[in-house]
Colleague: 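Quick one: the structure is below, questions incoming.
Both counts, for ligands and for their atoms, begin at 1 and track the order of listing. Counting begins at 1 with the first residue of the sequence.
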Amino acid sequence: MGEKITVSVIKADIGGFVGHGAVHPETLEYAQEALAAEKGRLLVDFSVSSVGDDINLVLTHRRGVNDPAVHQLAWETFRGCTGVAKRLKLYGAGQDLLADAFSGNIRGLGPGIAEMEFEERPSEPLVIFMADKTEPGAWNLPLYRIFADPFNTPGLVIDPKMHSGFTFEIHDLREDRLIRLNCPEEAYDLLAFIGTPGRFVVSAVYSRGLGEIAAVATTQRLNLIAGRYVGKDDPSMIIRCQSGLPAVGEVLEAFSTPHLVGGWMRGSFVGPLMPCAVEQAHPTRYDGPPRVIALGYQLAEGELVGPRDMFADVAFDEARRLANEIAGYIRRQGPFEPHRLPAEDMEYTTMPQIMARLADRFVPVQRPAAQQAGV
Ligand code: F6R
Ligand code: MG
Ligand code: MG
C-alpha cells in the first residue's frame, strides 16, 4: 500500500461568456498554465474543466485535505483567471471570490470545494460530476439513488461488499452542523432531512462494508456566507466506483430521469437537471435548464487518466429530451410556484420593497361578529 492520494475539486464562477452561459476559453488556458507549473511539485496531476459559467479544477496531490498550499494555488489560479475575465469584461468577473486575500483555507472564501483522501486501489475509477444553475442539494436525490436504492443500484442487494450499506453525512446549512445516518436502517430518517435540499445537503458518503470514503460533494451556500445574493452555488462531487462501491453504470443511472432542482433563472426557479455532454453544457434557455456533466477518470499513481465525457452517450438522449419537455411544460407557469421557488429559497426578491410600498393599502378583513368571537 502506497502513500495516500488526495483528490480536490475546487470550483468558482469568475465571470461568464456571454452573460452567465459559459466560460471564456482564455480563462481556461490561464488555469491550465498556472496549474501546469505545479505538476510534479505541489500537484501530482490536474485537469481543468467547465460547466456553464463555472471553472472546475481537479487536483491530485499527496498533501491531504484542507492543505493550505493546495488551497492557495487554487485561489491564486482563480484570481489570475479573474484578471483575464476583467480584461475581457466578462460578465460578473470575480463574482465568487468573496475575500480580498487568502487566509489559509479556501472554504468560506467563495469557491466550492470537495476533496477526499484515500489509498489508491489496484484500479481506481472516479466519476466527477459538475453542475451549473443549481445548488448543492441537487445531489441529494441521485446520491440516495446511488447509495441507498436497490432499484437504481442492484449491487446493494447482490454484491456482498455493498450489502451492509452506506453511511450518509448530512450538512445542515442553516445551523452549520452535521449528522451521520446509516442506510438501509435509517433510510426514512435520511429522507426526512434530504427531501429539503435547500437546507439539508449530503456532504459525503462512506461504505460500511469497506470502511472507505465513497463520495464527497461541495456544500457551501454563497449567499449564506456573503449575507447577500452572489450567484448560485453550482455544485460538484466526486464518486469512487466499482469493486464493492457502486458500478460506474449505477452511478450514472441515477441521472437517467432528470429530477427537478432549484436554480435556473436568477437562482429562483425549479427546473429539470439535464445530463449532458461537455460541449452541450452551456445553459441558454431562460439561463438554463440546469446542466450536469460527468467526467470519468482512472487514477494511476495519482495521475488523472482521462477525462471521458460520460454523458456523451446516446443512452442519455432520452433524459435530455425529457428534460426539454419538462422545461417547456414548467416554463408556462411563469412566476407562479412551484416553478418559482418559495419566497425563502429565492435568490432575488423584491418582496420587502413591494410590501413596504403597499403596506398602507392593506386593511383588516371584516368578519361577521360570530366568526370574530371564534364561535
Ligand atoms: C442564475 C444566474 C442567472 C442570473 C441572471 C440575472 O444562477 O446566474 O440566471 O441570475 O442572468 O443576472 P444579473 O442579475 O447579474 O443580471
Ligand atoms: Mg455566473
Ligand atoms: Mg454557474
Colleague: Residue-level breakdown please: for R266 versus ligand 1, do any non-hydrogen atoms fall below 4.0 Å on the side chain, on the backbone, on both, or on neither?
Modeller: both
Colleague: Taking the Mg ion (ligand 3) as the vertex, measure the angle between atom OD1 in D132 and atom OD1 in D53; round to 10°.
Modeller: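 Between OD1 of D132 and OD1 of D53, the angle at the Mg ion (ligand 3) is about 90°.
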Colleague: Going by atom types only, do S203 and E169 share a side-chain donor-acceptor pair under 3.5 Å?
Modeller: yes
Colleague: Please confirm whether G92 approaches ligand 1 to less than 4.0 Å, judged on its heavy atoms.
Modeller: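 G92 does not count as a contact of ligand 1 under the 4.0 Å cut-off.
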Colleague: Show me which atoms of ligand 1 lie under 4.0 Å from any heavy atom of M265.
Modeller: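 In order of numbering, the contacting atoms are 9 (O).
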Colleague: Could you tell me whether any N, O or S atom belonging to D13 is less than 2.8 Å from the Mg ion (ligand 2)?
Modeller: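 Checking D13: at least one N, O or S atom is under 2.8 Å.
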Colleague: Write the atom name of the N, O or S atom in H20 that is nearest the Mg ion (ligand 2).
Modeller: ND1
Colleague: Against ligand 1, does Y286 come closer than 4.0 Å with any heavy atom?
Modeller: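 Distance cut 4.0 Å: Y286 fails for ligand 1.
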Colleague: I need the contact type for W264 against ligand 1. Using non-hydrogen atoms and a strict under-4.0 Å cut-off, is it side chain, backbone, both or neither?
Modeller: backbone
Colleague: Any ion pair linking R199 and E135 (charged N to carboxylate O, less than 4.0 Å)?
Modeller: no
Colleague: Salt-bridged, R79 to E76, with N to O below 4.0 Å?
Modeller: no
Colleague: Provide the atom name of the closest N, O or S atom of D54 relative to the Mg ion (ligand 3).
Modeller: OD2
Colleague: D287 to ligand 1: N or O pair under 3.5 Å?
Modeller: yes
Colleague: Test your reading of the model: is there a side-chain donor-acceptor pair from E26 to the backbone of V84, 3.5 Å cut-off?
Modeller: no
Colleague: Could you identify the N, O or S atom of D234 positioned closest to the Mg ion (ligand 3)?
Modeller: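 Nearest to the Mg ion (ligand 3) within D234's N, O and S set: OD2.
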Colleague: Quick one: do the R285 and N324 side chains pair a donor with an acceptor below 3.5 Å?
Modeller: no
Colleague: Looking only at the side chains, is there a donor atom on one of H282 and D53 sitting less than 3.5 Å from an acceptor on the other?
Modeller: no
Colleague: Do the charged groups of R208 and E186 touch, with an N to O distance under 4.0 Å?
Modeller: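 So R208 does not pair with E186 through a salt bridge.
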Colleague: Is the CG atom of D317 crowded by more than 12 outside heavy atoms at less than 6.0 Å?
Modeller: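 Yes, because the 6.0 Å sphere around CG of D317 holds more than 12 heavy atoms from other groups.
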Colleague: Taking only heavy atoms of Y91, which atoms of ligand 1 are found under 4.0 Å from at least one of them?
Modeller: 13 (P), 15 (O), 16 (O)
